[in-house]
Amino acid sequence: MSKPETQATNFVRDVIAADIAAGKLKPEELVTRFPPEPNGYLHVGHAKSICVNFGLAEQFGGRCNLRFDDTNPAKEEQEYVDAIKEDVRWLGFQWAGDVRFASDYFDQFYEWAQHLIRKGLAYVCDLSAEQASEYRGWATKPGRPSPFRERSVEENLDLLERMKNGEFDEGSRVLRAKIDMASPNMNLRDPTLYRIRKQAHHHTGDKWCIYPSYDFAHGQEDAIEGVTHSICTLEFADHRPLYDWFLEHLPVPSRPHQYEFGRLNLDYTVTSKRKLKRLVDEGHVDGWDDPRMPTIHGMRRRGFTARAIRNFCDALPVAKSDGVVSIAQFESAVRDDLDKHAPRAMAVLNPLKLVIENFAEGEVENLSAPRHPKEDMGERRLPFTRELVIDVEDFSEDTSLSRKKFKRLVLGDYVRLRGAYVIKANRVEHDADGKPSTVFCELVENTVGENPPEGIKPRGVIHWVSLSEGRKATIRKYDRLFLSPSPDKGEEDFLTHINPTCKTVLEDCWIEPELADAAPESSFQFEREGYFVADRFDHSPENPVFNMTIGLRDNWSDKA
RNA sequence: UGGGGCGUCGCCAAGCGGCAAGGCAACGGGUUUUGAUCCCGUCAUUCGGAGGUUCGAAUCCUCCCGCCCCAGCCA
């Protein structure tokens, strides 16, 4: 399918365009940011956010920062920082300047905390987490003021300093903003600004034992970096008043604005970091980059190209509604991209031996075939020999099968070997189980690139590989990880929806000789089978390994 | 329940008072040495529901219904 000629709607883009039209902003002054917390691997949902933020900057000629929102040392690790940087680059984006870290601004945040205290807008609270929760009240019940709410500026300053110096235990005290304990917006009932965490931080080591909360950090990070449009997901809409409150009460260098859009959800897919981590930790998949994972690392290993992922994301509207996109739409983007860019080749996944009895033993006829039916990718060598393999599925002894229902090789009938001769199956040998083990055939002379003589009607076209010239390969087939469209809804554990046959390893596959030399991560269409990628890590010319990215579109099998 | 957000074809959605875009899926048909691609065609008298305003409403008003988010010293 061709890409939609109208670009997907994006209300943030409209806001930016309006800001420019109103003279509030020059296009090159636009600054966005992608602000992941390094507490896990990025997934499809993040891919959309990346495309939105970097894409907008690109469109208007502005900039987009990559900033790690690393305010919680308990959950964050360097491994994730590295993986996230790799993912953003792999998707094809370049962040402006150096990678930023929220933790680079901790000194500034501390000064701003003191500033709020001096203005009487923040206080150290000694309530336990439980007590604080009780004081906060309930949706319909206003909260009560903390008994520590009216401490003096001096005492607050002193206490905060001592929190910073590690004099108090974790959980014993927090710094809170003094806003409104009766606000209908729970976020405004004196939110926490700093909490004590005596843990090493992946970026700042043991310099700090107090860490700012998301709310006390995010807007200020944006302001420090000159971010103009801070784009986040819907669940932060309730935080916007708080975001604005800090920017209004602090001497920040710029005034960013927050906009929220609906995150991307896909059916048959789980994207909560907690659940993804469980799949990895409990061994249901082979790691964060398992080709079945919806992580960017996993999708990459699966053979979903960066371009396909980007096209998919760019075609999705940026809106305020929170829907579930069909995985079929994603798959369509993948096929669309791979069809255009993947060279064709032949691979036999479940081999059945063919002997062409009227072709000389030991002879090799080097046929050639285009690498792509439409794009100019040159030709590849296709060696034809006496012994070949075809897929077991492509042969039948049932001569009553209609030509319409079975367009493959049938005993006593003709079929076209793709890019080669028309052949006829004459007789079959069986193994001990009664299954066909060898099919003896004859080829029809002068049918390479030519139609067979009058009266010979091949049932169809099947793919094949030379037994002597082809190469053995391992092919890993993948299917969707979950059988349920919404594995994480419902009472039951989402793991009960895992597809038991989502991974099949085929060790006895045959591929065209050229395929063995494929570069890792290069994609091919194995004709009549689907799209496959040379495994990023396991593939080598000696031991070719391909992962199935996705099958070809199939409009007949369930109708036949 | 208080606050915030959202309800238009099976899915994602445009639309902003003038007579329901588009993509995915589905379904017919054509081309084809991939049952792929490509091409052509079909697919909402109706916009969560009920009233009201108007010559005219998915678009404005009222009430009702449904879904999501918030009560971490997570982000």
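Naming convention: chains lettered A, B, ... in sequence-line order (proteins, then strands); numbering from 1 in each chain.
Residues A:Ser213 and A:Arg195 bring no donor and acceptor atom of their side chains to less than 3.5 Å of each other. Side-chain polar atoms of A:Ser128 and A:Glu130 form no donor-acceptor pair below 3.5 angstrom.
Which of B:rA75, B:rU33, B:rC24 sits closest to the side chain of A:Glu37 comes down to B:rA75. Comparing atom distances between the A:Thr140 side chain and each of B:rA36, B:rA75, B:rG2 picks out B:rG2 as nearest. When distances run from any side-chain atom of A:Phe406 to the nucleotides B:rG35, B:rC68, B:rC73, the shortest one goes to B:rG35. Here the nucleotide nearest the side chain of A:Lys320, chosen from B:rA75, B:rG5, B:rC68, is B:rG5. Between B:rC73, B:rA75, B:rC74, one nucleotide has an atom nearer to the side chain of A:Glu235 than all others, and that is B:rA75. With B:rU33, B:rC73, B:rG23 as the candidates, the nucleotide lying closest to the side chain of A:Gln329 is B:rG23. Candidate nucleotides B:rC73, B:rA13, B:rA36 were compared by shortest atom distance to the side chain of A:Val174, and B:rC73 ranks first. Each of B:rC11, B:rC74, B:rU34 was ranked by its minimum atom distance to the side chain of A:Arg344; first place goes to B:rU34. Checking B:rG35, B:rA75, B:rC38 against the side-chain heavy atoms of A:Lys374 singles out B:rC38 as nearest. With distances taken from any side-chain atom of A:Arg418 to the nucleotides B:rU33, B:rG72, B:rA75, the minimum falls on B:rU33.
An OP1 or OP2 oxygen of B:rC73 is reached within less than 4.0 angstrom by a side-chain nitrogen or oxygen of A:Arg136. Under 4.0 angstrom from either OP1 or OP2 of B:rG35 there lies at least one side-chain N or O belonging to A:Arg528. Between A:Arg553 and B:rU37 there is a side-chain N or O to OP1 or OP2 distance below 4.0 Å. At the phosphate of B:rA13, OP1 or OP2 sits under 4.0 Å from a side-chain N or O atom of A:Ser321. Taking 4.0 angstrom as the limit, A:Thr9 places none of its side-chain polar atoms (N or O) nearer than this to OP1 or OP2 of B:rA13. Distances shown here put every side-chain N or O of A:Arg263 at or beyond 4.0 Å from the OP1 or OP2 atom of B:rC69.
Pairing of B:rC38, defined by two Watson-Crick or G-U wobble distances under 3.5 Å, is identified with B:rG30. Pair assignment for B:rU45 gives none, since no Watson-Crick or G-U wobble pairing has each distance under 3.5 Å. Of all nucleotides present, none satisfies the Watson-Crick or G-U wobble test against B:rU1 with each distance under 3.5 Å. With a cut-off of 3.5 Å on both Watson-Crick or G-U wobble distances, the partner of B:rC16 is given as none. Using Watson-Crick or G-U wobble geometry with both donor-acceptor distances under 3.5 Å, B:rA58 finds no partner in any strand shown. The pairing partner recorded for B:rG7 is B:rC65, the criterion being a Watson-Crick or G-U wobble arrangement whose two distances lie under 3.5 angstrom. Shown here, B:rA21 forms no base pair; nothing in the strands shown gives a Watson-Crick or G-U wobble contact with both key distances under 3.5 Å.
Checked by distance alone, A:Arg240 brings no side-chain donor or acceptor within 3.5 Å of a matching partner on the base of B:rG4. Looking at A:Asp238, its side chain comes within 3.5 Å of the base of B:rG3 through a donor and an acceptor atom.
The 5' end of RNA chain B is approached more closely, in terms of each residue's nearest nucleotide, by A:Asp14 than by the other of A:Met186 and A:Asp14. When the nearest nucleotides of RNA chain B are assigned to A:Ala319 and A:Phe236 by heavy-atom distance, the more 5′-ward of the two goes with A:Ala319.
At the heavy-atom level, A:Gly449 lies under 4.0 Å from base atoms of the strands shown. Contacts of A:Gln525 with the nucleic acid, taken as non-hydrogen atoms under 4.0 Å apart, include base atoms. Residue contacts shown for A:His218 are absent, as no nucleic acid heavy atom lies under 4.0 Å away. Nucleic acid contact for A:Thr233: none, since no nucleic acid atom lies under 4.0 Å from a heavy atom of the residue. Across all strands shown, A:Lys407 has heavy atoms under 4.0 Å from base atoms, whether or not it also approaches the sugar-phosphate. Heavy atoms of A:Glu450 sit under 4.0 angstrom from at least one base atom.
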For salt bridge (Lys or Arg N to Asp or Glu O under 4.0 Å), just list the numbers for A:Lys277 and A:Asp281, CA-CA rounded to whole Å, side-chain angles, deciding distance to a tenth of an Å, and then say yes or no. CA-CA 6 Å; A:Lys277 197 168 185 323; A:Asp281 291 345; 2.9 Å; yes

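Within 6.0 Å of the CD atom in A:Gln131, the count of heavy atoms belonging to other residues, nucleotides or ligands exceeds 12.
Annotation: B:rU1 and B:rU37 have their P atoms spaced 49 Å apart (nearest Å).
Taking the ring axis of A:Tyr211 as reference, the NZ or CZ atom of A:Arg197 does not stay both within 45° of it and closer than 6.0 Å to the ring centre. Relative to the ring axis of A:Tyr123, A:Arg176 does not place its NZ or CZ within 45° and under 6.0 Å from the centre.
In summary, the aromatic rings of A:His218 and A:Tyr214 are positioned with their centroids under 6.0 Å apart.
Once the 5.5 Å centre distance and the 30° plane angle are applied, the aromatic ring of A:Trp556 is found stacked with the base of B:rG35.
Taking both residues in full, the closest heavy atoms of A:Cys209 and A:Lys164 are given as SG-O, 3.1 Å, listed atom of the first, atom of the second, then distance.
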